[in-house]
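Quick notes on the structure that follows.
Quick note on labels: first sequence line is chain A, next is B, and so on, each numbered from 1.
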Amino acid sequence: MKKTKTIGCEEALKHLLAYLDQELGSAKRRELEQHIEICRSCFSRAEFEKLLKTQLREAGREMVGASLEKRIKTLLGRF
Amino acid sequence: MMPLQLNQEETVTQADDRSSFEEKVIGLLDQLFGAAMRLVKNREDAEDLVAETVTKAWTSRRSLKDPENFRPWIFRILTNTFISDCRKRAVRPQTETFTENPSDAETAFSLFEELHQPFLLWWSNPEKEFLNKLLREDLEKAVDALPQLFRIVVVLSDLEGFSYHEMAGILKVPVGTVRSRLARGRGLLQKALWRHAKEAGLIKESKKSSERFYEKDKNDRL
Ligand SMILES: [Zn+2]
């Protein structure tokens, strides 16, 4: 079994956003996940940032009105 | 006759070309419009921006080498169109006095740190309660308040889900720049939410005062 380096809170927080963006390499990701499992404060922080990110995504969702869809289709029809 | 045949073939490929282009554009319309809304902040301009983007995309469709990259490619056209429209419309030239390198104070701002109360019992979670109280409108306002440079990366990442690598391609900047703009944008966004929440009375007491309360409580018991 591969040993995972243990990291502290400071290191964990430094990489947290990249982790939530799924931009962390697998070694770093394992270190961070292990830290989050044992550290209540970083766990709560991760949950918080994750929820905020989800809420932002939901808030950014827009439905195109019928008028824009028609406008774009007319536009495309002329190409 | 040969020339006629060629013409027919050409017409057929162009029709194919057009219908696959249309299919892709219509499939992405909600996303393009959503991003446009947060960039220009109103419906009419957002609709114009999307229409302009689609027209430009059609004209320059040959510049798309890999059809797999259609989504980042058309978002690049959207953001470029937005940026150049802003320049055209600006009465004075863009005087955003932001350096690329974020100051520690700005990136370090954390809503969580402001809200989290480590002395509370496990079932109490003020930071989650805070998020639950936030309305879509509050989040929109906070995004809209961001300076353009940072608003673009927050929109591309948090709203549209592009990877750092894709954003670097869309904005034609190094990945490191994407990271630092995103860190700064998110710090500013959290600060704006915090400010807004205080104004709207979503936060009853500051962390500082509650900490004092708990410390006092502890001392009393000693
Ligand atoms: Zn920790």
Side-chain angles (χ1 to χ4, degrees), chain A residues 7-29 32-33 35-79, chain B residues 14 17-19 21-22 25-26 29-38 43 46-48 50-51 54-55 58-59 61 110-113 115-116 118 122 125 127-128 130-132 134-140 142-143 154-155 157-161 163-165 175 179 182-183 186 189-190 193:
Chain A
I7 54 168
C9 293
E10 203 183 321
E11 178 85 357
L13 290 182
K14 202 173 96 191
H15 298 293
L16 183 61
L17 288 180
Y19 169 71
L20 295 176
D21 290 337
Q22 296 179 343
E23 297 274 352
L24 219 50
S26 57
K28 267 269 165 295
R29 197 180 62 227
L32 200 129
E33 280 169 347
H35 178 83
I36 285 175
E37 268 173 41
I38 54 163
C39 174
R40 185 180 136 174
S41 162
C42 289
F43 172 80
S44 314
R45 172 80 181 257
E47 290 293 294
F48 176 81
E49 302 292 348
K50 210 190 289 176
L51 189 57
L52 179 57
K53 201 173 150 74
T54 311
Q55 280 185 319
L56 268 172
R57 180 141 212 190
E58 295 292 321
R61 218 162 262 164
E62 293 279 350
M63 291 287 278
V64 167
S67 71
L68 178 62
E69 189 164 341
K70 200 173 157 221
R71 180 175 168 188
I72 298 297
K73 280 188 171 155
T74 314
L75 198 65
L76 289 163
R78 274 194 246 119
F79 293 156
Chain B
Q14 201 174 341
D17 205 21
R18 207 197 63 85
S19 75
F21 181 84
E22 173 161 350
V25 165
I26 297 297
L29 211 51
D30 284 335
Q31 292 172 33
L32 288 166
F33 181 63
M37 275 292 280
R38 295 282 64 78
R43 246 190 144 77
E47 293 190 353
D48 288 349
V50 171
V54 172
T55 309
W58 173 257
T59 318
R61 64 194 182 281
S110 155
L111 204 47
F112 177 82
E113 296 290 339
L115 296 162
H116 188 57
W122 63 271
N125 194 331
E127 66 269 14
K128 265 197 187 158
F130 171 81
L131 288 184
N132 290 335
L134 281 181
L135 303 173
R136 179 191 167 113
E137 204 187 299
D138 301 326
L139 291 154
E140 278 177 0
V143 174
V154 169
V155 167
S157 171
D158 288 334
L159 275 60
E160 302 301 334
S163 71
Y164 296 174
H165 177 76
V175 171
R179 280 176 191 272
L182 198 53
R186 283 171 172 164
L189 181 88
Q190 296 204 355
L193 282 173

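Taking the charged nitrogens against the carboxylate oxygens, A:Glu62 and B:Arg136 do have a contact shorter than 4.0 Å, which makes a salt bridge. A salt bridge links A:Arg45 to B:Glu113: at least one charged side-chain nitrogen sits closer than 4.0 Å to a carboxylate oxygen. A salt bridge links B:Arg186 and A:Asp21; the closest N-O separation between the charged side-chain nitrogens and carboxylate oxygens is under 4.0 Å.
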**OP:** Give the intermediate values and the outcome of side chain to side chain contact (heavy atoms under 4.5 Å, CB included) for residues A:Arg61 and B:Met37.
**Re:** CA-CA 10 Å; A:Arg61 218 162 262 164; B:Met37 275 292 280; over 6 Å; no

**OP:** Walk me through it: do B:Lys128 and A:Ser44 pass the test side chain to side chain contact (heavy atoms under 4.5 Å, CB included)?
**Re:** CA-CA 9 Å; B:Lys128 265 197 187 158; A:Ser44 314; over 6 Å; no

**OP:** In sequence, state the C-alpha distance, the side-chain angles, and the governing distance for B:Asp158 and A:Lys53, and then conclude on side chain to side chain contact (heavy atoms under 4.5 Å, CB included).
**Re:** CA-CA 6 Å; B:Asp158 288 334; A:Lys53 201 173 150 74; 3.1 Å; yes

**OP:** Go through the steps for A:Leu52 and B:Leu139 under the test side chain to side chain contact (heavy atoms under 4.5 Å, CB included), then give the verdict.
**Re:** CA-CA 9 Å; A:Leu52 179 57; B:Leu139 291 154; 4.0 Å; yes

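Rounding to the nearest 0.5 angstrom, the gap separating the CZ atom in A:Arg57 from the OG atom in B:Ser157 is 9.0 Å. For the atom pair CG of B:Leu193 and CD of A:Gln55, the computed distance is 9.5 Å after rounding to the nearest 0.5 Å. Of the inter-residue distances, the one linking A:Leu51 atom CG with B:Phe112 atom CZ reads 12.0 Å to the nearest 0.5 angstrom. Distance check, rounded to the nearest 0.5 Å: CD of A:Glu47 to CD of B:Glu127 gives 10.0 Å.
Contacts of B:Leu111 with chain A are made by both backbone and side-chain atoms, with heavy-atom separations under 4.5 Å. Looking at A:Thr54, there are no atoms closer than 4.5 Å to chain B (heavy atoms on both sides), in backbone or side chain. When heavy atoms are compared at a cutoff of 4.5 Å, B:Gln31 does not approach chain A at all. Neither the backbone nor the side chain of B:Val155 comes within contact range of chain A, judged by heavy atoms closer than 4.5 Å.
Among A:Glu49, A:Glu58, A:Arg78, the residue with the largest count of heavy-atom pairs under 4.5 Å with chain B is A:Glu49.
When all heavy atoms of B:Ala51 and A:Arg71 are compared, the pair lying nearest together is CB-NH2, 3.6 Å. Taking each heavy atom of B:Phe33 and A:Val64 in turn, the nearest pair found is CB-CG2, 3.6 Å. Between A:Ala59 and B:Glu140 the shortest heavy-atom distance is O-OE2, 3.9 Å.
Looking only at side-chain heavy atoms (C-beta outward), B:Trp58 and A:Leu76 stay at 4.5 Å or farther from each other. A:Phe79 is not listed as a side-chain neighbour of B:Thr59, based on a closest heavy-atom distance of 4.5 Å or more. Side-chain contact check for A:Glu69 versus B:Leu29: some heavy-atom pair is nearer than 4.5 Å.
When atom types are taken as modelled, the side chain of B:Glu22 and the backbone of A:Lys73 share no donor-acceptor pair closer than 3.5 angstrom.
For the side chain to side chain contact (heavy atoms under 4.5 Å, CB included) criterion with A:Ile72, the lone passing option out of B:Thr55, B:Val25, B:Leu32 is B:Val25.
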